[in-house]
Protein chains: 2
Amino acid sequence: MNNGIQEEPRGRRARRRGGPGPTLADVARLAGVSPMTVSRVVNDSARITQASRDKVEQAIRDLGYVPNQAARSLAGARQHRLALVYENPSAAFLSELLLGCLEQAGECDAVLLLESFRADEEVTDLVARLQRHRVEGVLLPAPLCDDSTLVDGLAAGHLAVARIAATQAMAGALSVGMDDEAAARDMTSHLLALGHRRIGFIAGSDRFPMSARRRAGFCRALQQANLAADPAMIATGDYTFRSGMEAAQALLASANPPSAIFASNDDMAAGAMATAHRLGLEVPRALSICGFDDTAMARAVWPELTTVRQPVSNMAREATILLVRYLASPAEFASHDLPDLRLGHEIVVRASTTRHVT
Amino acid sequence: MNNGIQEEPRGRRARRRGGPGPTLADVARLAGVSPMTVSRVVNDSARITQASRDKVEQAIRDLGYVPNQAARSLAGARQHRLALVYENPSAAFLSELLLGCLEQAGECDAVLLLESFRADEEVTDLVARLQRHRVEGVLLPAPLCDDSTLVDGLAAGHLAVARIAATQAMAGALSVGMDDEAAARDMTSHLLALGHRRIGFIAGSDRFPMSARRRAGFCRALQQANLAADPAMIATGDYTFRSGMEAAQALLASANPPSAIFASNDDMAAGAMATAHRLGLEVPRALSICGFDDTAMARAVWPELTTVRQPVSNMAREATILLVRYLASPAEFASHDLPDLRLGHEIVVRASTTRHVT
DNA sequence: ATTGTCTTTGTGAGCGCTACCATGATGCCC
DNA sequence: GGGCATCATGGTAGCGCTCACAAAGACAAT
């Protein structure tokens, strides 16, 4: 045999090879098929007979073969490049978002880049940076996703945009979010089910469409229970702890104070709790309090907050899937009525709400 | 000319090329040098004449060339594979950590994988997963990095470990962290400089080495100011909001109550603030309060907390650099006395501390 | 038996880059 | 000036994979 000739290239190869990992060719050899067949099994693309598939899969398992991502993307060149544009590197939900997008991007064979964007920056600069890195699509989490100047600017730069945790749809971009109104309604129903009849609501600033949705959900639940929404039981804050303190102060100073307070976010709920503590009201015995968002704050205060959990991880994944699908075949989507996905929420019952005793 | 032959491959090539991005060969052609020279400039590896370098750099700028990462790693195979092993996907500092590691890994030409690990899992399972993905080094943030079983298990699987935000060094692993004692000392000095003479301290649970360090820093600062540390002015919590409330209650119930309270983390500081509110003590006028860590909690409460900012992003980057350097040349490091890097902290003065008026 | 259509599998080339060696150019010593 | 080390640069051969296309096999219709 011409072993000498055979071994020469293997010698050089071994010198260059990175890890000791088996390659697709190794699998093919073991399975007794061509590399192409293995590739097809791995990507389960085309029609393959069950027999070939089984042989290949066995060989993959035997060797512990893991495809080389770099080689794959180099050869394929059909891998999409996405960027996650974020504003605040320490935003509470960013890590969960990041993890969700990163994992899903991996599963979708897409590359995820990270790009920060400060509000005082020019949108054109961001677009230029993204284009330089050959980004095709942008994942835009809240609150950036509500900036229509930014969304339009990205679209003008021929970048597809998927908005994450958006309150409502926006023309020209894919959107994923939750149903704020339904969530607020459910939380209110939870309080009603606990026997509360006089419920205070701390609304958020009118500048955000989200605030109106949450308030509407609150009112809707009362209506469905045949209760009138007393204007004195609605106070407005600006999503900060302090505004929650003040709003609760106003609500509790009422001649007919509430037995429960539902705040439009966790920070305001925590503020309301601080006020309750100061007034000597024991939570939840004398006053039930609940929040919205399930941020770290919800578990940090005592008693821990009953709140609405946003499906952050799911939103991140769905947005990524949607964006990749859009990039793969824009034709699949009606160009001026892009999907707006609303995912289910979850009411997390903790220690800050309890049955109302008269 | 044999144009027909020349153009045939270009036609096929254009069909397969992904983006319209220029390649290294394009740059070489424009600069009138060989691809190899361009590669050398890009990696600024070897000796290149200034003339060549300039020509190439100009061509790179003209074409807006960006190296193809996939091709690079495929050809080079000298790229290191790291994994960030995390426990809690929504931990406050994870996003900043993630961002830091991700960015630095990119700059170091390393690939960063993410792997979650639940405390109830077998370490060997984790090691197997990591090995399957050809991971060579692991970034291990707090609190996982203090689990010596885990660190040893990883080491046993021939994985290099870099611990992030570790309180103290551990044999067999690289460590990066802050100087808890110095930080606590500085924060105490801040209070002393504001005129406070009777300062309450809320220590953390003795199970964590960190707690002792922070307490030692507090005591040291008092000593340096020639003040005796009154045992009645030290209460112990367990890093939760509630324990902070209770500890503050105890401190403030003293016959000679403190004018300031320094809690070993932000959650306990927030708890202390809740107690102060309940007791009708205005913060900071009647009681200054400060925390540690600068988590989201610090900015969420009102008034916002004066606290110690951990250099999370820097720790992440330094750990990544250290790990990559270790993998590149383990020989550079003394095998049983691996580096333990202590990074500088920052005292963030917000609204919860003020000058003490007698 | 021959032709055609369909499906499954194989072949060869090349994605963009870098490791390795070979080349020519320069300087330096004896 | 021949030999030697030293430098900058070029040529070649892949890295592991997937693409386009070709070939081979299976089956029905002619």
Side-chain angles (χ1 to χ4, degrees), chain A residues 5 8-29 31-56 60 63 65-79 81 109 111 134, chain B residues 5-6 8-29 31-56 60 63 65-79 109 111 134:
Chain A
I5 294 175
E8 168 58 20
R10 282 195 65 80
R12 303 189 81 153
R13 185 173 163 223
R15 225 182 299 155
R16 296 234 354 225
R17 276 279 292 286
T23 72
L24 182 139
D26 296 330
V27 176
R29 213 171 299 129
V33 297
S34 81
M36 203 51 229
T37 305
V38 178
S39 169
R40 281 194 263 256
V41 169
V42 171
N43 297 288
D44 65 19
S45 54
R47 284 78 50 119
I48 297 273
T49 54
Q50 197 55 44
S52 305
R53 187 180 295 276
D54 290 346
K55 269 191 302 186
V56 171
I60 287 176
L63 276 86
Y65 167 72
V66 179
N68 180 323
Q69 203 51 48
R72 194 182 246 194
S73 78
L74 182 57
R78 83 197 139 57
Q79 204 170 28
R81 295 173 70 85
D109 267 335
V111 179
R134 316 237 172 299
Chain B
I5 294 173
Q6 291 259 338
E8 168 58 19
R10 282 195 65 81
R12 302 187 82 150
R13 182 174 166 225
R15 224 181 302 156
R16 294 222 10 214
R17 276 278 293 287
T23 72
L24 184 138
D26 296 329
V27 175
R29 215 170 300 129
V33 297
S34 82
M36 209 44 235
T37 304
V38 178
S39 170
R40 281 194 264 255
V41 170
V42 170
N43 297 289
D44 65 18
S45 54
R47 285 77 50 121
I48 297 274
T49 53
Q50 197 55 44
S52 304
R53 187 180 294 275
D54 290 345
K55 268 191 301 185
V56 170
I60 288 176
L63 275 79
Y65 168 74
V66 179
N68 180 323
Q69 202 51 49
R72 192 182 247 193
S73 79
L74 182 58
R78 82 195 141 59
Q79 203 170 28
D109 267 334
V111 179
R134 318 234 174 298

**OP:** Of all the heavy-atom pairs spanning B/S34 and B/A28, show the shortest one and how long it is.
**Re:** C-CB, 3.8 Å
Subject >> Minimum heavy-atom distance A/K55-A/A31, with the two atoms named >> reply: CD-O, 3.6 Å
Whole angstrom is fine here: how far is it from [atom1] in [X] over to [atom2] in [N]?
X      : N      : atom1 : atom2 : answer
A/R47  : D/dA26 : CZ    : C1'   : 14 Å
B/R40  : D/dT9  : CZ    : P     : 8 Å
A/I48  : D/dA26 : CD1   : P     : 16 Å
A/L24  : C/dT9  : CG    : P     : 15 Å
B/R29  : D/dG10 : CZ    : C1'   : 16 Å
A/N43  : C/dT8  : CG    : P     : 17 Å
A/I60  : D/dC17 : CD1   : P     : 10 Å
B/D109 : D/dC15 : CG    : P     : 21 Å

Subject >> A/R53/A/T37 under side chain to side chain contact (heavy atoms under 4.5 Å, CB included): CA gap, chis, key distance, verdict >> reply: CA-CA 8 Å; A/R53 187 180 295 276; A/T37 305; over 6 Å; no
Compare the minimum distances between each of [options] and the side chain of [X], then state the nucleotide with the smallest one.
X     : options                : value
A/L74 : D/dC17, C/dC17, C/dC15 : C/dC15
B/S34 : C/dT18, D/dG10, C/dT9  : D/dG10
B/T49 : C/dG14, D/dT9, D/dG10  : D/dT9
B/T37 : D/dT9, C/dC17, C/dT9   : D/dT9
B/N68 : C/dC17, D/dG10, C/dG10 : C/dC17
A/R72 : C/dG10, D/dT9, D/dC17  : D/dC17

Original post:
D/dC15 phosphate, OP1 or OP2: any side-chain N/O from A/T23 under 4.0 angstrom?
Top reply: no
Original post:
Between B/A71 and A/M36, which has a closest nucleotide on DNA chain D that is more 5'?
Top reply: B/A71
Original post:
About how many Å separate CG of B/L24 and CG of B/L63, when rounded to the nearest 0.5 Å?
Top reply: 11.0 Å
**OP:** Assign A/P67 to base, sugar-phosphate, or nothing according to its heavy-atom contacts below 4.0 angstrom with the strands shown.
**Re:** sugar-phosphate
**OP:** Would you confirm whether A/D26, through its side chain, and A/T23, through its main-chain N or O, come within 3.5 Å as a donor-acceptor pair?
**Re:** yes
